[in-house]
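In what follows, a structure is listed as structure tokens, so that the remarks can point back to it.
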Amino acid sequence: QAATMKATFSLIFPTLSSCFLSQINVPFRAISSHLKMSSLEFSGAPVNTKKSIKKTSELSIEGLNGGSKKKLSLLGSTGSIGTQTLDICAEKPDLFEVTALAAGNNIELLAEQIFKFKPKMVSISDDTKVAELKQKLSEMGLKDKHFPEIAVGKDGIVAVASHSDCDTVVTGIVGCAGLLPTVEAIKHKKTIALANKETLIAGGPVVLPLCQKYGVDLIPADSEHSAIFQCLQGFPPNALRRIILTASGGAFRDWPIEDLKKVTVADALKHPNWSMGAKITVDSATMMNKGLEVIEAHYLFGSGYDDIDIVVHPESIIHSMVEAQDTSVIAQLGWPDMRLPLLYSISWPHRVRMSYEQLDLAKLQKLTFKEADRVKYPCIDLAYAAGRAAGTMTAAMNAANERANEIFREGKITYLDIPKVIEAAMEAHKKDFKAEPTLEDIVDVDEWARKCVDDAAEKLKIVVLL
């Protein structure tokens with residue numbers, strides 16, 4: 001069977017090197033003994049320890065934020081995560097206050113958010129847009145004295161993330177751009193509602209020690225890790241045996257493998273269940289998103305990679321599961337609505353009554369599951385391999401994926417080229433790999449890997465022309 005899988009893989013992805021192909025000769029959960037990584041002594045989310053159980057109990061008893069409003073800084077306010085978080089704030093203004101917003105260049109939407117939520121500070125990426133923002137606010141009837149402080153660029157995002165008046169920072173910026181402001185927020189002892197995967201995938205070796213040093217909790221805000229986090233509430237230390245991440249299967253779950261060569265960008269952006277941004281929707285189509293989530297789960301919950309599994313669940317009702325030492329499995333269910341995990345990330349450990357549609361199991365009638373196809377989706381094993389290697393390899397893999405995803409959406413490479421250029425970067429990074437990187441190392445690797453992908457993409461064009 002392994003030989004058949006390897007042959008099929010080679011036919012579909014002929015330019016991938018022998019390094020990762022050779023791993024198909026052994027079970028996927030034990031790729032190579034020297035890359036096997038055990039569980040972590042310290043993990044980012046407040047679970048699995050006596051200290052976390054005590055803290056959860058104390059917070060539960062005292063009420064949400066001690067009875068006062070929770071003050072939020074939101075990174076990526078005009079994106080999918082940001083707008084849905086603000087929907088929650090709008091529905092529960094008695095519980096949540098918006099202190100600061102960091103946006104990109106969507107000035108019109110940001111102006112509307114400022115007018116509605118009255119933050120003390122905002123940040124935009126382009127300093128030439130400051131005048132435009134002020135003009136829009138004036139046109140909306142906001143007086144100059146009520147304007148928020150306006151910061152710009154990367155420094156502006158950091159200022160929002162570390163604002164003195166916020167309790168919790170929601171990290172909704174896509175990609176590695178969210179890493180540095182998250183690090184600054186941790187240094188200022190802010191609770192992190194983590195919606196940015198790359199913070200841990202690229203920066204895990206640096207971020208976790210910082211969380212431990214400053215006593216900061218990482219509360220997962222994406223659906224799968226929120227589900228795991230919710231399931232682990234009340235678990236005593238050492239009770240967790242296995243994590244089971246569920247996957248929708250993405251846009252091509254029902255496509256025959258031989259048809260993947262026909263994939264267009266429009267095809268990849270048609271997610272069957274979720275409404276998400278373009279980058280994560282393409283990641284779902286390649287199932288790299290699930291590989292990234294495996295690495296994130298390792299850092300959040302401390303489980304070894306042999307104890308983190310993936311199962312395809314097309315209905316996206318069970319958002320993930322945990323298995324206890326006695327083999328009992330606990331799952332978290334809900335409609336596919338990103339507001340649910342976002343809400344829990346800013347209200348934990350409390351449950352806030354909302355107006356959302358309640359789950360109707362009789363209406364669903366059935367839930368189905370199937371094994372993740374590692375031949376059809378090679379990005380899964382690239383992520384597992386990077387995670388096991390740890391160090392700077394996860395940063396290289398993550399940056400390579402970001403750039404590959406971007407140039408695919410720009411029409412510069414095909415869907416099947418995505419894993420090829422990612423692996424090319426991982427292979428090339430071996431010579432400069434660092435097991436214990438600094439933050440500067442991670443930033444440097446991120447920049448290098450993106451250029452490496454561009455070089456690999458150019459080489460693929462030459463091969464096609466030949």
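Along the sequence shown, residues are numbered consecutively beginning with 1.
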For a quick test of reading the model, state the closest non-hydrogen atom pair linking Met393 to Ala386 and the distance between them. CG-CA, 3.8 Å

Trace of the side chain to side chain contact (heavy atoms under 4.5 Å, CB included) decision for Ser43 with Leu300: CA-CA 5 Å; Ser43 56; Leu300 276 172; 6.0 Å; no

Rounded to the nearest 0.5 Å, how far apart are CD1 of Ile330 and CG of Leu232? 8.0 Å

For His313 and Phe369, take the angle between the two ring planes, folded into 0 to 90°, and tell me which bin it lands in: parallel under 30, tilted 30 to 60, perpendicular over 60. parallel

Judged by atom type as modelled, is there a donor-acceptor pair below 3.5 Å linking the side chain of Thr171 to the main-chain atoms of Ala195? yes

Heavy-atom closest pair (Ile81 atom, Thr85 atom, distance to 0.1 Å) is O-OG1, 2.8 Å

For the student: nearest non-hydrogen atoms of Ala404 and Ile413, plus distance: O-CD1, 3.6 Å

Would the distance check show the side chain of Lys197 and the main-chain N or O of Ile295 forming a donor-acceptor pair, the cut-off being under 3.5 Å? no

With distance as the sole test, does Ser316 use its side chain to make a donor-acceptor pair with the main-chain N or O of Pro336 at under 3.5 Å? no

Per the side chain to side chain donor-acceptor pair (under 3.5 Å) rule, what does the pair list look like for residues 395-405, sequence neighbours excluded? Asp283-Asn401, Asp283-Asn405, Asn398-Glu402, Glu402-Arg450, Arg403-Glu406, Arg403-Asp454, Asn405-Arg409

Before giving the answer on side chain to side chain contact (heavy atoms under 4.5 Å, CB included), spell out for Trp335 and Leu364 the whole-Å C-alpha distance, their side-chain angles and the decisive distance to 0.1 Å. CA-CA 10 Å; Trp335 295 118; Leu364 285 168; 3.8 Å; yes

Donor-acceptor contact below 3.5 Å, side chain Asp326 vs main chain Ser328: yes

Quick one: sort the Trp348 and Phe229 rings into parallel, tilted or perpendicular, breaks at 30° and 60°. tilted

Straight-line distance of His188 NE2 to Tyr214 OH, nearest 0.5 Å: 9.0 Å

CG of Leu59 to CG of Asp217: how many Å apart, nearest 0.5 Å? 8.5 Å

Assess the residue pair Met288 and Tyr377 against the criterion (side chain to side chain contact (heavy atoms under 4.5 Å, CB included)); give the C-alpha distance rounded to whole Å, side-chain angles, the decisive distance to 0.1 Å, and a yes or no. CA-CA 8 Å; Met288 176 57 93; Tyr377 301 107; over 6 Å; no

Can you tell me how far CG of Leu208 sits from CG of Leu200, rounded to the nearest 0.5 angstrom? 6.0 Å

Using a cut-off of 6.0 Å, state whether more than 12 heavy atoms not belonging to Gln325 lie near its atom CD. yes

Flag, side chain of Asn196 to backbone of Ile173, donor-acceptor distance under 3.5 Å: yes

Arg339 side chain to Asp87 backbone, donor-acceptor under 3.5 Å: no

Looking at every non-hydrogen atom in both residues, tell me the closest pair between Pro181 and Val158 and how far apart they are. CA-CG2, 4.1 Å

Heavy-atom check, side chain of Thr414 versus side chain of Lys261, under 4.5 Å: no

Side-chain ion pair, Lys70 and Asp167, N-O less than 4.0 Å: no

Backbone of Ile280 reached by a side-chain donor or acceptor of Ser284 within 3.5 Å: no

Grab the two heavy atoms, one from Ala268 and one from Phe408, that are nearest each other, plus how far apart they are. CB-CE2, 3.7 Å

Between Lys376 (side chain) and Trp255 (backbone), is there a donor-acceptor pair under 3.5 Å? yes

Walk me through it: do Met338 and Ser80 pass the test side chain to side chain contact (heavy atoms under 4.5 Å, CB included)? CA-CA 9 Å; Met338 273 302 300; Ser80 175; 5.8 Å; no

I need the Glu323 CD to Cys231 SG distance, nearest 0.5 Å. 12.5 Å

Measuring from atom CD1 of Ile88 to atom OG of Ser347, what distance do you get when rounded to the nearest 0.5 angstrom? 8.0 Å

Side chain Tyr415, main chain Ala285, donor-acceptor under 3.5 Å: yes

Can you confirm whether Ser73 sits close enough to Lys190 that some side-chain heavy atom of one is under 4.5 Å from a side-chain heavy atom of the other? no

Backbone of Ala159 reached by a side-chain donor or acceptor of Glu184 within 3.5 Å: no

With a 4.5 Å cut-off on side-chain heavy atoms, are Leu179 and Leu439 touching? yes

Ionic contact status for Glu427 with Lys430, cut-off 4.0 Å: yes

Is there a side-chain contact between Pro237 and Lys50 (heavy atoms, below 4.5 Å)? yes

Does the side chain of Leu361 reach to within under 4.5 Å of the side chain of Leu359, using non-hydrogen atoms? yes

May I ask you to decide whether Lys363 forms a salt bridge with Glu357, counting only side-chain N to carboxylate O separations under 4.0 Å? yes

Please tell me if the side chains of Leu343 and Lys92 come closer than 4.5 Å, counting only heavy atoms from C-beta onward. no

Is it true that the side chains of Gln230 and Ser226 contain a donor and an acceptor less than 3.5 Å apart? yes

So among Val169, Val170, Thr99, which one has a side chain to side chain contact (heavy atoms under 4.5 Å, CB included) with Leu74? Val170

Hey, are the side chains of Thr199 and Glu296 touching, using non-hydrogen atoms and a 4.5 Å cut-off? no

Verify salt bridge (Lys or Arg N to Asp or Glu O under 4.0 Å) between Asp381 and Arg388, making sure each step is shown before the conclusion. CA-CA 10 Å; Asp381 283 324; Arg388 287 186 165 100; over 6 Å; no

Here the pair of heavy atoms bringing Ser248 nearest to Gly250 is OG-N, 3.1 Å

Tell me yes or no: between the side chains of Thr392 and His429, is some donor less than 3.5 Å from an acceptor? yes

Does some side-chain heavy atom of Met287 sit less than 4.5 Å from a side-chain heavy atom of Cys379? no

Output, in order, the C-alpha distance, side-chain angles, deciding distance and verdict of salt bridge (Lys or Arg N to Asp or Glu O under 4.0 Å) for Lys290 and Glu293. CA-CA 5 Å; Lys290 212 51 53 177; Glu293 287 168 12; 2.7 Å; yes

Other residues, nucleotides, ligands: >12 heavy atoms within 6.0 Å of Asn238 CG: no

Please name all residues satisfying ring pair (Phe, Tyr, Trp, His ring centres under 6.0 Å) with Phe235, sequence neighbours left out, ordered by chain then number. none

